Structures are given as structure tokens and as C-alpha cells.
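Keep in mind the model is a prediction, meaning the values are calculated, not measured.
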Amino acid sequence: MRNVRIAVAYDGSRFFGWQRQDGFMSVQQALEEALLGLTGETVTVHGAGRTDTGVHALAQVAHFHVESRIADERFGLALNAHLPEGVAVLWVETCRDDFHARFDALSKRYLYVTSTRHVRPPFGRQYCHWMAYPLDGDAMRRAARALIGEHDFRAFGNTGSPRATTIRTVQSLHFIARKGRIAFVVQGNGFLYNMVRTIAGTLLDIGRGRLDSGVVARALADGRRETLGATAPAAGLYLVSVQYGERLFDSGSHRATRRSAGNARWRP
């Protein structure tokens with residue numbers, strides 16, 4: 001059998017998250033059913049991250065083992081022909097047998113997008129969070145500085161989710177401001193369940209003046225979730241890219257769109 005890794009983009013509003021679950025269509029299930037239809041093989045697709053319902057991905061990385069000998073340059077097109085609307089395979093390559101999309105990942109990059117127009121967006125509301133308030137970008141940036149580095153992020157995670165440790169490292173966080181829209185991109189070596197959405201909700205509450213900019217540093221110190229903002233909606237969240245210790249999708253397959261998944265970038 002060969003190990004095949006793929007980069008996948010999907011509209012999270014069409015699926016009940018990444019992970020397969022009985023009675024609800026997930027991205028994992030859509031890919032596994034497409035592979036069954038294409039190759040006749042029952043396989044398990046392992047993703048780098050288990051995004052929730054409503055969360056989108058621009059370049060989720062996944063892998064699976066198959067016996068099929070379909071060439072890499074044809075595999076993506078053939079697989080896309082079996083996939084439903086809202087999900088597409090971007091790049092494909094056969095990789096080393098012990099590559100694992102989740103366990104080999106060094107870091108992930110997420111984007112959160114908020115519309116600040118005074119009128120509710122009539123289109124694309126499933127692709128951004130809407131908040132009709134002026135935001136103090138300087139206060140948001142001051143607060144965000146406290147997140148950089150290694151911290152105990154227990155205040156930013158869902159208390160009911162199991163985890164071995166709540167210590168994570170946020171490597172970078174920067175803002176992108178446009179007329180009627182603000183976004184931030186955060187990269188870290190891992191994120192707790194709902195951590196990015198809690199960061200988003202807190203920074204937005206700071207921006208509108210409901211919380212002071214020191215609340216982030218205090219929550220990191222005392223671990224109190226109740227002092228932070230609400231968990232922001234899933235609609236504004238995107239998994240942008242996954243970083244690894246090797247270059248991905250650089251072997252010649254899908255040469256017209258060849259790039260490293262670790263360097264995939266969002267363009268506003």
C-alpha cells in the first residue's frame with residue numbers, strides 16, 4: 001500500500017465538522033466515501049486538525065493508505081469528481097509511509113474574519129462574523145501581545161474537552177484591517193478546543209470597549225474563563241495552513257498550483 005497526502009479546502013457551513021460522526025455528514029466521511037467510489041477501497045482519512053461545524057479550511061492536510069496505483073497527477077482530479085459540493089482536493093502526492101498529517105504537524109495557522117459594517121451582510125454570512133460596532137484596533141493589538149509565547153491557556157479552552165496539558169505556544173498573531181472588515185491570523189504549535197474562537201471573542205470585546213486590554217494577561221495568569229469574552233461564532237474561522245518539518249506537495253504533482261502547504265497564504 002502507498003501513503004497519499006492531500007491538501008483539502010472546504011466550506012465548513014456544509015458539513016458537521018471534520019470528524020466522522022453517525023447521522024451527520026462530515027468532511028472526513030465525504031472524502032472516505034469519495035475514495036470508496038473511486039478506488040473501491042475502504043480507507044480512513046486522517047486530518048491534521050479536527051475542525052468544528054461551520055469552520056472552514058483553505059489548506060487542511062490529510063493522509064490515507066491505499067492500494068490504488070492511480071498516478072498522483074490524476075488522483076486529485078479523479079477524487080474531486082466523486083466529492084460533493086463544498087469540498088475540493090487541491091494537491092496530492094505519494095509520501096513516505098510513516099508520514100502522519102496530525103502527529104507530524106509542527107504548527108497550524110488560523111484566520112478569523114469579522115465584518116464591521118453597520119448593515120448585516122446580505123451575502124456570505126456563513127463566511128464571516130458580523131459585529132456592527134467600531135473597534136479600537138490599538139487596544140486589540142495591545143491585548144494580543146500577551147498571547148505570544150508559551151503559556152497555560154486553560155482559560156481559553158473548553159473546560160469539558162480532554163487534554164493532557166493546557167500549555168501551548170502562540171508563535172505569531174497579526175491583524176489585517178480593511179474598510180468594513182478586520183481579521184487576525186494566529187499561528188501556534190497547537191490549540192485547545194475553541195481556543196481561537198475564545199481569543200477572537202475576547203479581542204472583539206476589547207475592541208468595542210466591553211473589556212479592558214489587560215484582561216488577556218490576567219486570564220493567562222489566573223486561568224479564569226469567566227473573565228474573558230464570549231466564544232466567537234464558527235463562521236469567521238478558517239484553518240489556513242499546517243506547517244511541517246519538510247516541504248509538502250513539491251514533488252511535481254499538480255505542478256500548475258505547486259506550493260508548500262506550510263506556506264499557503266490568505267490574500268485579503
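In this structure Asp52 satisfies the salt bridge (Lys or Arg N to Asp or Glu O under 4.0 Å) test with no other residue, sequence neighbours excluded.
The shortest side-chain heavy-atom distance between His129 and Leu204 falls under the 4.5 Å cut-off. In this structure the side chain of Tyr127 reaches within 4.5 angstrom of the side chain of Tyr238, judged on heavy atoms. For the pair Arg218/Thr227, no side-chain contact is recorded, criterion being any heavy-atom separation below 4.5 Å from C-beta on. No side-chain heavy atom of Asn3 sits under 4.5 Å from any side-chain heavy atom of Arg96. At a threshold of 4.5 Å between non-hydrogen side-chain atoms, the residues Leu192 and Phe156 do not count as touching. Between Ile6 and Phe64, the closest side-chain pair of non-hydrogen atoms falls below 4.5 Å. Between Leu248 and Glu93 there is a side-chain heavy-atom pair separated by less than 4.5 Å. The shortest distance between side-chain heavy atoms of Tyr133 and Asp205 does not fall below 4.5 Å.
Nearest heavy-atom pair, Ala101 versus Gly47, reported as atom, atom and distance to 0.1 Å: CB-C, 4.1 Å. Nearest heavy atoms, Leu38 versus Ala78: CD1-CB, 3.7 Å. In terms of heavy-atom proximity, Ala34 sits nearest to Leu83 at CB-CD2, 3.5 Å. Nearest heavy atom pair, residue Pro121 against residue Ser115, reads CG-OG, 3.8 Å. Minimum heavy-atom separation, His65 to Val43: O-CG1, 3.3 Å. Scanning both residues, Ala234 and Thr53, for their nearest heavy atoms gives CB-O, 3.4 Å.
A cation-pi geometry, defined here as NZ or CZ lying under 6.0 Å from the six-membered ring centre and within 45° of its normal, holds between Arg5 and Phe99.
Under a 3.5 Å cut-off, the side chain of Arg225 and the backbone N or O of Gly229 do form a donor-acceptor pair. Not a single donor-acceptor pair under 3.5 Å links the side chain of Arg224 to the backbone N or O of Ala221. Looking at Trp130, its side chain does come within 3.5 Å of a backbone N or O of Arg117 through a donor-acceptor pair. Under the 3.5 Å distance criterion, the side-chain polar atoms of Thr169 are left unmatched by any main-chain donor or acceptor of Gln171. Not a single donor-acceptor pair under 3.5 Å links the side chain of His151 to the backbone N or O of Phe153.
Hydrophobic cluster membership is shared by Ile176 and Leu58, with clusters built from Ile, Leu, Val, Met, Phe, Trp and Tyr side chains linked at under 4.5 angstrom. Hydrophobic clustering, with ILVMFWY side chains joined whenever heavy atoms are under 4.5 angstrom apart, keeps Leu31 apart from Phe24. A single hydrophobic cluster is seen to contain both Phe191 and Ile148, as judged by linkage of ILVMFWY side chains at heavy-atom distances under 4.5 Å, directly or through other members. Using a 4.5 Å cut-off between side-chain heavy atoms of Ile, Leu, Val, Met, Phe, Trp and Tyr, with links allowed through other members, Phe16 and Val55 fall into different hydrophobic clusters. Under the 4.5 Å side-chain heavy-atom criterion for Ile, Leu, Val, Met, Phe, Trp and Tyr, Ile167 and Val216 are members of distinct hydrophobic clusters.
Counted within 6.0 Å of CZ on Phe175, heavy atoms from surrounding residues, nucleotides or ligands total more than 12; the atom is thus considered enclosed. Shown here is Arg2, whose CZ atom has more than 12 heavy atoms of other residues, nucleotides or ligands within 6.0 Å.
Gln28 and Gln19 are not linked by any side-chain donor-acceptor pair at a separation below 3.5 angstrom, with hydrogens and angles left out of the test. There is no side-chain donor-acceptor pair under 3.5 Å between Asn189 and Ser107. There is a side-chain donor-acceptor pair under 3.5 Å between Ser241 and Gln243. There is no side-chain donor-acceptor pair under 3.5 Å between Thr231 and Arg197.
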Salt bridge (charged side-chain N to carboxylate O under 4.0 Å, His left out) evaluation trace for Glu85 with Arg14: CA-CA 8 Å; Glu85 284 191 34; Arg14 293 174 176 265; 3.6 Å; yes
Full working for side-chain contact (heavy atoms from CB on, under 4.5 Å) between Leu239 and His56: CA-CA 6 Å; Leu239 172 59; His56 315 290; over 6 Å; no
Verdict with supporting geometry, Leu173 and Val185, side-chain contact (heavy atoms from CB on, under 4.5 Å): CA-CA 6 Å; Leu173 192 156; Val185 180; over 6 Å; no
From CA spacing to verdict: side-chain contact (heavy atoms from CB on, under 4.5 Å), Val196, Val186: CA-CA 8 Å; Val196 178; Val186 60; 4.1 Å; yes
Verdict with reasoning, Tyr110 to Val240, per side-chain contact (heavy atoms from CB on, under 4.5 Å): CA-CA 5 Å; Tyr110 284 92; Val240 176; 5.7 Å; no
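Salt-bridge annotation for Glu41 and Arg69: absent, with no side-chain N of the basic residue lying under 4.0 Å from a carboxylate O of the acidic one.
Between the CD1 atom of Ile182 and the CG atom of Leu135 there is a distance of 6.0 Å, given to the nearest 0.5 Å. Rounding to the nearest 0.5 Å places CD of Glu33 at 10.5 Å from OG1 of Thr42. With values rounded to the nearest 0.5 angstrom, His174 atom NE2 is found 9.5 Å from Gln187 atom CD. In this structure, NE2 in His100 is found 11.0 Å from SG in Cys95, a value given to the nearest 0.5 Å. Between Arg120 atom CZ and Arg125 atom CZ the span is 4.5 Å, to the nearest 0.5 Å. Atom SG of Cys128 and atom OH of Tyr112 lie 8.5 Å apart (nearest 0.5 Å).
Between Phe15 and Tyr10, the two ring planes are perpendicular [angle over 60°; tilted spans 30° to 60°]. Relative orientation of the His63 and His46 rings is parallel, given thresholds of 30° and 60° on the angle between their planes.
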Expected list for residues 136-146: side-chain donor-acceptor pairs under 3.5 angstrom, two or more places apart:
from   : atom 1 : to     : atom 2 : distance (Å)
Asp136 : OD1    : Asp138 : N      : 3.1
Asp136 : OD1    : Ala139 : N      : 3.1
Arg141 : NH1    : Gly137 : O      : 3.3

